[in-house]
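Encoded as structure tokens, the structure appears first; notes follow it.
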Amino acid sequence: MAEQNMVQALNTALHEMFEGDARILLMGEDVGKNGGVFRVSEGLFDKFGGQRVIDTPLAESGIIGTAIGLAVGGMRPIAEVQFMGFLYPGLDQLFSHAGRLRARSVGQVSVPLLVRMPYGGGIRAPEQHADSAEAYLTHTPGLKVVVPSTPYDAKGLLYSAIEDPDPVIFLEPIRMYRLGRMEVPEGRFTVPIGQARVAKTGSDLTLICWGAMTHLAMTVAEDFQKRGIEIEVLDLRTLAPLDRQAIASSVAKTGRCVILHEAPRTGGLAGEITALIMEVAFWYLKAPVARVTGFDVPYPAYAWEDFYMPNPERLSRVITETLKD
Amino acid sequence: MAEQNMVQALNTALHEMFEGDARILLMGEDVGKNGGVFRVSEGLFDKFGGQRVIDTPLAESGIIGTAIGLAVGGMRPIAEVQFMGFLYPGLDQLFSHAGRLRARSVGQVSVPLLVRMPYGGGIRAPEQHADSAEAYLTHTPGLKVVVPSTPYDAKGLLYSAIEDPDPVIFLEPIRMYRLGRMEVPEGRFTVPIGQARVAKTGSDLTLICWGAMTHLAMTVAEDFQKRGIEIEVLDLRTLAPLDRQAIASSVAKTGRCVILHEAPRTGGLAGEITALIMEVAFWYLKAPVARVTGFDVPYPAYAWEDFYMPNPERLSRVITETLKD
Amino acid sequence: MQAWPIYRVMGDDANAPNLVSDDLALRIYKDMVLLRTFDEKALNLQRQGRVGTFPPSLGQEATEIGSAYALSKKDWLVPSYRDHGALYVHGVPFENVILFAMGRAASLAGDVRALPSSIPIATHLPHAVGLAMAMQMQGEESVAIAYFGDGATSEGDFHEALNFAGVFKAPAIFLCQNNGWAISVPVSRQTASPTLAQKAVAYGIHGVRVDGNDALAVYQTVKQARERALSKEGPTLIESLTYRLGPHTTADDPTRYRQAEDLVPWRGEHDPIVRLGVYLEKQGVLGPKDLDGMKKDAQEWVNQAVEAAEAMPKVKPIEMFEHVYAVMPPRLVQQLQDLEGGVQ
Amino acid sequence: MQAWPIYRVMGDDANAPNLVSDDLALRIYKDMVLLRTFDEKALNLQRQGRVGTFPPSLGQEATEIGSAYALSKKDWLVPSYRDHGALYVHGVPFENVILFAMGRAASLAGDVRALPSSIPIATHLPHAVGLAMAMQMQGEESVAIAYFGDGATSEGDFHEALNFAGVFKAPAIFLCQNNGWAISVPVSRQTASPTLAQKAVAYGIHGVRVDGNDALAVYQTVKQARERALSKEGPTLIESLTYRLGPHTTADDPTRYRQAEDLVPWRGEHDPIVRLGVYLEKQGVLGPKDLDGMKKDAQEWVNQAVEAAEAMPKVKPIEMFEHVYAVMPPRLVQQLQDLEGGVQ
Ligand SMILES: Cc1ncc(C[n+]2csc(CCOP(=O)(O)OP(=O)(O)O)c2C)c(N)n1
Ligand SMILES: Cc1ncc(C[n+]2csc(CCOP(=O)(O)OP(=O)(O)O)c2C)c(N)n1
Ligand SMILES: [Mg+2]
Ligand SMILES: [Mg+2]
């Protein structure tokens, strides 16, 4: 078993999948010869050719819309959007079609579509290259949304996603692409869609996170650990459908909860999770559920990035307050 | 003072505004000769001509994008989107540009843009004509979002919106267009953006709603009234920015809260409001905040509409449960 | 500038029979009559409150039926909301169309290779490109055809789809029904280009104009486009020149934006059913009373479809939940309970 | 098919001086040298970690500078991320461009009529249409010009913008810099249409091709498009044929997808600075040593801009909040406090 970072784990998974299923193809901007701007598709073009690793014209609605047609027509397309901030011109295809075709056809049409994209901040990218727009997707019926935070989960979730009969949006935290390596098994294995992961057990407070924020959550949780405070870190891994059970049982146990995300606060997924906790664990709460998030501003130019992104200091402060009550 | 329904109030407001400010123009699909598919712009074309009441080609991104340019260039464009479900091809213009241009230009560029559209269900419209997609917008920094539920508020908010220096999305609940008339003053008056309205005072439970749901909320609240239960109905009117103060003080008073919306439950605005209540009124809560909403399914074909839409029975049941604890 | 002539068959009596057999022409004619009958019935039902908003294809029967006859059942049909005529020919029962208008089912195409009718304009065109590519990749002798209107040519998805189709030489047909109007907006206001067919130039693909009220010309044009596509010559954009005789939908009042006299020629000698009827009479295969018989048959058939649709059992809440995902996730199970009055 | 010839000025020595005065040509040349110097400096700074990701316009100086010289200061410039050259000529100080690359400010155009550089491809084209219409409505003698690349022509917004411009006869100029590449994708893969200029046919608007490495031809073409626009003849799509000499941005490694030898002619006799230099020498207005002097001046100037930018005070949290809305709403005031360590 090899130690891999997330890019390597994804790349290996793609190579294996392409070997195993001739219906699978990858399409997007610069995914072919260039291997993708983050090199996730490195080597695929040389090995499987331009019929299966397709450099498309520069048009997100065209990419996703064509992929929908390919999926309905019997292929297993993986559509890559170059950055999440450039998904917006293609959102209509997800909102109006990918998420609705099964329901509108009374179950007759399946759209086994996988849409991959890098998302989130933290690498001093140019403007509009660091959006964390998952809440637009998790509010959309008919879609599934997954976010790995480790190389292992990245590979396992990618296998689940490609095998899923419904459209899955696969968000890849840019900050985690090359941050940290771990052992990732060769060959097929799956991480089920819809199951959160307890990244660290604890009994004093539940810290809910996903993507690159899991890294921050673990750092801060270990810090509190040193001071004898046991924080349970719940890495959601799937944002739609949420793992209601995992959230309920952790918060019922700890009675305290902080939710952490990069996206702007208002309307971010923390709100939904808070409402869910209201429904399933209100009577266990010893303190209000709190959130640490990006701010309600457009993701700023990178000189302000450190101000925008949740950091250990902000997170620790809110955890400390939540522990007080 | 005349009794008007919402269409008439909006139409009168537009006529008055066009008289008063030569920079104002209306653009969209079928807004000219046809007067808009709901007749909101009736008579404007004949009176002010095709230079100010502009039938555009059928392209939502083009409509909003062109309107952004017009706004920056010194005009006061009102862009109409024919139904909210057809906003999606134009969302990118709101997400990437309308909401960001001021911030990206360090305050040098203003986008005084008003985007109007009918939204929501309840009139047996064809598929995809009844979406209630406000949560996509309220999560987007830089936008303001308003929703009148009465003819008076419709006119007053439209005046505020057209005078606002920032992009305002103006959602018109289709179901309310011709449901109910009331006295609406002639001439300019404003309903401030950012202020909720207490549609009915009460001390037992706060019922938060907007748009056509206000109508349902009032019916049910009056019903409870007869049984001696005082429900406070808070019609938000502005969804972004939320009236934090009004929500906080009502929930602090009643200790119980139900949130009502048409949009799908998961990721709908009720989640955000719940999180806000956590922040501002947790210690006052006598029961978990509950929500009555549309379901996590694509808005169905109209034979199922009555199942989808919140109804008095569902709402009453949840209110009763919330009052129990 | 390139010229963009309008292709016609029926103007040229000598030519037509060589292209389309009398038998086929007669079948096309019958289905055109059936479609007209169906639309008129649906308009009536709508007035009676028995169906919801309905978009008739009155005046567009030649394009609807003629085009669909040129397809193989293995082709993918990617329709817009006004294309129940083409869907019917492709195999979708009229009963399902009635159900659709009753707000009963988004689309019940059954085994027929057809997508649910797209409501958002032009957004289905990329699906046709993907389907066409999928057919080619799997070595099938099939094409994909998208139906859409003149208004649809303004949407970004029209552009992206045709450009993709050009780059990938997808075996796709883009059938634009230029019926003169996008609700109240005339095509002259939709674009400054004098024809819609010339938009093909932007994508380096084949573009043609056809008389859309000449069923045989439409049939022939789609057939040729299909052959081009299958012989790897790439996609075709067809501008089919027709006219919307009725309202946009039953919710529309066309007197607000067009004159009654505009319709006169289209209801008369330009009417696609009149034109094909005259031709078939000249060919000697249609007698003066045949049309009456056809109309009667059509009416009966349509009535049966309506009865069948109205006899369907009542809709049930679960139907709203069970096809959102292949497997109903726990939260939808719970929401169904919630709706049915169980715990929330 | 219509022919789409490439317009050139400098190939035809007899013609050029009549079109562009030596004085103007010399000023254009100087600014091209300055732009090249700036880009090389910025690439260096990026390697040293002093600026972030940077998109150089190496090789595109003739189009950047030549086009902007044809504008009036009253025109609206709607740029993409690679257009600091044109922005500079239009009045934006280089210092601001450096700040941009330092992640310091999205756009500081000051009083200059320019929008912030659009990062999402092609999505700024409709803004140019709206600005052009606004100018016309207000009776200003101004046009709006959008800058974008070959890749941008594939996006739906390109289509919608050009179609709107055609229908409304907006005084807009669409300047497409066909530099051969959209990151790694060659233009031949971007569209099946042999030229980009012919896409104008789809909108019934004027389309032209120009040698984008011939600064005088670019100047002349934009000037004519501007005159057309102002005399209400409608918008123009200009395809300016140039070549991206450098990487897409400093984050890109072009050796993955193109051969070093592809660049040879473009770095040599096709280089826009070389070409205008040869011309000016022939005209007798540029001596053999003048270029060295210009380069030295340019370097000094650029260094000063960099120093000024680096001497700016540190960024402050409030700057992230204060320009989201005209008036900072309570929740942003509160979030600022939260960031600064106050209560949440
Ligand atoms: C994206 C989108 N925008 C707007 C609408 C509303 N709408 C429905 S039909 C129509 C006009 C369509 O005209 P055309 O494409 O010519 O087709 P036709 O109705 O004439 O067959 C409009 C504007 C829609 N359905 N989808
Ligand atoms: C909507 C959108 N999709 C994708 C990208 C990522 N991206 C940035 S530049 C680029 C290529 C642009 O090529 P072209 O339009 O030819 O301009 P050039 O860079 O050559 O000047 C891509 C795909 C983006 N910025 N915006
Ligand atoms: Mg039409
Ligand atoms: Mg390029």
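- Across all non-hydrogen atoms, the minimal contact from A:Leu58 to D:Ala182 is CD1-CB, 4.4 Å.
- One finds the CD atom of D:Gln335 at 6.0 Å from the OG1 atom of A:Thr266 (value rounded to the nearest 0.5 Å).
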Please determine whether side-chain contact (heavy atoms from CB on, under 4.5 Å) holds for the pair D:Arg256 and A:Arg39, giving the CA-CA distance in whole Å, both sets of side-chain angles, and the decisive distance to 0.1 Å.
CA-CA 11 Å; D:Arg256 294 178 70 93; A:Arg39 308 288 178 254; 3.2 Å; yes

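- Residues A:Phe86 and D:Ile119 meet the side-chain proximity criterion, which asks for heavy atoms closer than 4.5 Å.
- For D:Lys314, no part sits under 4.5 Å from any heavy atom of chain A, backbone or side chain.
- We find the CG-CG distance between A:Asn34 and D:Asp253 to be 8.0 Å, quoted to the nearest 0.5 Å.
- Residue A:Glu305 does not touch chain D at all, counting heavy-atom pairs closer than 4.5 Å.
- Residue D:Ala122 does not touch chain A at all, counting heavy-atom pairs closer than 4.5 Å.
- Note that CG of D:Leu339 and CG of A:Asp306 are 10.5 Å apart. Values are rounded to the nearest 0.5 Å.
- Contact of the D:Thr191 side chain with the A:Pro57 side chain is not registered, since no non-hydrogen atoms from C-beta on lie closer than 4.5 Å.
- Two residues are said to be in side-chain contact when any heavy atoms from C-beta on lie closer than 4.5 Å; D:Val315 and A:Phe307 meet this criterion.
- For the atom pair CE (D:Met102) and OH (A:Tyr302), the distance works out to 7.5 Å, reported to the nearest 0.5 Å.
- Among A:Glu29, A:Glu42, A:Glu313, A:Arg314, the residue with the largest count of heavy-atom pairs under 4.5 Å with chain D is A:Glu42.
- The closest side-chain heavy-atom distance from D:Leu332 to A:Val297 is below 4.5 Å.
- Residue D:Arg104 holds its CZ atom at 6.0 Å from CH2 of A:Trp304, rounded to the nearest 0.5 Å.
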Given salt bridge (Lys or Arg N to Asp or Glu O under 4.0 Å), test A:Arg265 with D:Asp338 step by step and report yes or no.
CA-CA 12 Å; A:Arg265 179 171 308 169; D:Asp338 173 14; 2.8 Å; yes

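- Counting heavy-atom pairs closer than 4.5 Å to chain A, the top residue among D:Gly151, D:Gly156, D:Ser154, D:Pro55 is D:Ser154.
- When every heavy atom of A:Asp30 is checked against every heavy atom of D:Ile183, the shortest pair comes out as OD1-CB, 3.2 Å.
- Using a 4.5 Å cut-off between heavy atoms, A:Tyr308 touches chain D through backbone and side chain atoms alike.
- Side-chain N or O atoms of D:Arg189 include one that pairs as donor or acceptor with a backbone N or O of A:Asp55 at under 3.5 Å.
- Of the inter-residue distances, the one linking D:Met320 atom CE with A:Asp296 atom CG reads 10.5 Å to the nearest 0.5 angstrom.
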How far apart are the C-alpha atoms of A:Glu127 and D:Tyr81, what are their side-chain angles, what is the distance that settles it, and do they pass the side-chain contact (heavy atoms from CB on, under 4.5 Å) test?
CA-CA 10 Å; A:Glu127 283 182 290; D:Tyr81 44 81; over 6 Å; no

